[in-house]
Amino acid sequence: MPGRIDLSNNASVRMISLNVDNLACAYLANLYIPIFTLDTEKVLRRYEVPNQISGLHFSMNKKNVIYAVDDSFGLHVFDVRTDTKKKHRLNPECENHNVVCTALSSNNEMIAVASSEFGGGILDVRGSRRREHHAHVISLYDARYPTDPITSYYYDQTKKSQLIFLLKWSQHQETMKRHKASVTSMEFYLNGNYLITGDNDGAIKSFDCSLRDEDNAIRWERWVKGPISKVGVINKRIVYGVSNRSEGTVFVDAKGSLEVLYGSVNNSADEPIVKHSKAFFKKPEWCVGLIKGVTDDIPLVAVHGVEKKKFISLTAMNQEGVRQDTPLLSYTGHTGEVKCMTATPNLLLTGGEDGKVVVQIANFKNPKFGEDNLPSHHRLTLRRGKLAEQADRGESGDSDSAGSDLDSDSNNPSTSAAASSSKSKSSSSSSKEKTEASSKPKKDEKEKKEKKEKKKDQPLISSAGASSSSTSKPTAESSSKSESDKKKEQKEKEKEKERKERKEKKEKGDQSSTSSTTAVASSSSSSSRHETKEERRARKEKEAAEEKAKLDAKLAAMTAEERKAWDEREKRRLAKLAETPEQRAERKQKAREERERIEKLEKEERRKKRREEKEAAAGASSSKKSKTE
């Protein structure tokens, strides 16, 4: 399934949406919406739209229907099966607004539209005659009749100015529940009623869309560092927000209580945010979003990379937001910036500035995970564990050295991975390489010190042949210089001690963090950094032998009937694996037709039963009448 789909040579991919049947659609910057399949990696058809699209969604119930909302409140509905399209006009409650982003509920009943004003006075049409400014509005529309909004949530500036003199601050809080900045991202929860949004000021809010009263609809609100580049929903309880493609904040929203799993969060907009989240991606790194993790200890996986480098990495994060040293997978990505991403339980799709869509498996339990034509993972050298702490202290950390290493490694992930695999032929050699790598910066520092001392000794030697009167001055100067040099050396020694202590603490923290994830790392196909091809082959053979022994024991305990049923299931499974994409599509079509035929027969049987019951009831009533007569 991993692959690359070329959609355009001169336009970037802005949005992607995917349905259950591996049918996907994307929005390109040149006002085209291509429809393509992931099975054959071919574009089926293209639709052209007159305006910029702000939201693109595949219908959940109707698999072949696509909803596209443009920036001028136009709703375009495309049916891929019948190749038809319709356009509806969404009537907003405020004028002079542009659509910024949209969201479609999982039950296909509601479309949320966020808009912002672009100039002029805003007319409130809720029965008031005065002109009021509602700069940022979230409107909810019924997907079946999307003409007039069900309700709207907005920040009312006039109410604030009127009530600030009449009410206390605690009572005035209700007027500040809506967004005061442009909404950048929004998504519905899996239940289809709750909505999570993020704006340019760093506000993350959750609304209960089943409540039409805008004062009571907001469930909770938190503030992080803005702007919010993406908000998302992982499962029924976990939601997240990414600030400026660099910091991740994760919330556990369950049973009416909100818990911050990790991140630097404030309860009000007035408090300044000083600290960084532990899920911190320091430049030149970036993070486009988060996806579901491997286990409870590793709940999330970051989709990230490095600027101007052609690769994407999937790195697991623990419950504190600290990333593992080695990515679960690194694969070739986009030549330019990654513009968007979408994820399902099985697949991860990213769209880039180069007009391509890269498809990768997101289910880490899938045996095909890791098929990226790279011999090993890409080696990222940024020290992730304490990036947030270093940024809070104002230290640069290892960003310069990391950037140089990335320049040498990330241009060609496959070559860097091959080099790392060739270096790690055995565990003893890997430990030696670690000690050598740690000793290199020390050697460089010593060489620099020796050069400085030589330069300082040169003027002293040149002044030795001069007269005694002239030598008195340089000797005094040299003595003063030597004192300053001693002070500098003392400071450098103190700095070296601090660095050593930090390294020791980091190694201890890495050992404790990696000890909980060794089982997951060993189960993945190529998650260990120093595992050679021979060791990997031997490990896989051993695992295959263990699985075969378990299967033999299971088959031996089966009866003849159970064994026969198991053989039939295995034949069907092997036949499915050997299918081509065309055969798979044909099989699905036949199964669909068979289901429709069975449904028709069941409907006819129900109708017959109803007729018989009606006839029997009519006969009984007629017999009663005859008896009474």
Side-chain angles (χ1 to χ4, degrees), residues 2 229-230 232 234 238 240 242-243 245-250 261-263 276-307 309-334 338 341 343 348 350 358 360-365 369-370 372 374 376-388 397-399 402 405-406 409-410 413 416-417 420 506 509-510 512-531:
S229 58
K230 183 174 177 59
I234 301 296
I238 298 177
Y240 72 91
V242 179
S243 303
R245 295 167 65 96
S246 61
E247 292 189 43
T249 306
V250 180
L261 191 62
Y262 52 80
H276 289 270
S277 171
K278 285 192 175 181
F280 181 55
F281 298 83
K282 190 173 183 179
K283 289 187 177 181
E285 279 194 295
W286 49 261
C287 176
V288 70
L290 306 179
I291 60 176
K292 187 178 179 181
V294 186
T295 59
D296 292 337
D297 296 330
I298 308 173
L300 296 173
V301 173
V303 183
H304 65 104
V306 180
E307 293 178 357
K309 307 300 174 185
K310 191 180 177 180
F311 70 90
I312 298 173
S313 295
L314 306 180
T315 305
M317 298 189 295
N318 60 13
Q319 293 183 353
E320 296 179 354
V322 179
R323 288 179 281 165
Q324 290 183 346
D325 290 334
T326 306
L328 293 174
L329 180 66
S330 289
Y331 57 97
T332 53
H334 304 273
V338 177
M341 66 156 277
L348 169 66
T350 56
V358 178
Q360 187 55 255
I361 294 174
N363 185 5
F364 304 105
K365 297 180 181 179
F369 174 72
D372 52 3
L374 298 181
S376 181
H377 297 315
H378 187 273
R379 182 171 59 86
L380 293 175
T381 56
L382 289 177
R383 299 188 177 186
R384 302 180 181 85
K386 297 184 179 180
L387 278 177
D398 296 327
S399 60
D405 291 336
L406 288 167
D409 291 343
S410 61
S416 64
S420 62
K506 185 188 174 182
D510 292 341
S512 62
S513 63
T514 53
S515 61
S516 63
T517 60
T518 51
V520 178
S522 61
S523 64
S524 61
S525 61
S526 57
S527 61
S528 58
R529 182 187 296 177
H530 302 291
E531 190 180 26

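These values consider heavy atoms only, across backbone and side chains, with no hydrogens, waters or symmetry-generated copies. Throughout, numbering of the chain's residues begins at 1 and tracks the sequence. As the structure is a computational prediction, the values presented were derived from the model and not from experiment.
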query: Quick one: CG on L290 to CE on M341, what's the gap to the nearest 0.5 Å?
result: 8.0 Å

message: Looking at every heavy atom in both G289 and V242, which two are closest together, and how far apart are they?
response: CA-CG2, 4.3 Å

- prompt: Stepwise, does the side chain to side chain contact (heavy atoms under 4.5 Å, CB included) test hold for K230 with Y240?
  reply: CA-CA 8 Å; K230 183 174 177 59; Y240 72 91; 3.3 Å; yes

- line: Closest non-hydrogen contact found for L328 with F369 is O-CE2, 4.1 Å

field: Main-chain N/O of A302 paired with T315 side-chain donor or acceptor, under 3.5 Å
entry: no

message: If I take atom CG from residue L261 and atom NZ from residue K278, how far apart are they, to the nearest 0.5 angstrom?
response: 11.5 Å

task: Walk me through it: do V358 and Y331 pass the test side chain to side chain contact (heavy atoms under 4.5 Å, CB included)?
output: CA-CA 10 Å; V358 178; Y331 57 97; 3.6 Å; yes

message: Run L300 and I291 through side chain to side chain contact (heavy atoms under 4.5 Å, CB included) and show every step you take.
response: CA-CA 6 Å; L300 296 173; I291 60 176; over 6 Å; no

- request: Indicate the atoms forming the closest heavy-atom contact of Y262 with A279, along with that distance.
  value: CE1-CB, 3.6 Å

message: Nearest 0.5 Å, please: how far is OG in S243 from CZ in F280?
response: 10.5 Å

task: Can you measure from CG (L314) to CD (Q324) and round to the nearest 0.5 angstrom?
output: 12.0 Å

- request: Find the distance between SG (C287) and CE (M317) and round it off to the nearest 0.5 Å.
  value: 6.5 Å

- prompt: Step by step, would you call V250 with I234 a side chain to side chain contact (heavy atoms under 4.5 Å, CB included)?
  reply: CA-CA 10 Å; V250 180; I234 301 296; over 6 Å; no

Student check: side-chain heavy atoms of P299 and Q319 closer than 4.5 Å: yes

- prompt: Hey, are the side chains of W286 and V338 touching, using non-hydrogen atoms and a 4.5 Å cut-off?
  reply: yes

task: Check for a donor-acceptor pair, side chain of R245 on one end and backbone N or O of H304 on the other, with a separation under 3.5 Å.
output: no

message: What I'd like to find out is whether the side chain of I298 reaches to under 4.5 Å of the side chain of F364, using heavy atoms alone.
response: no

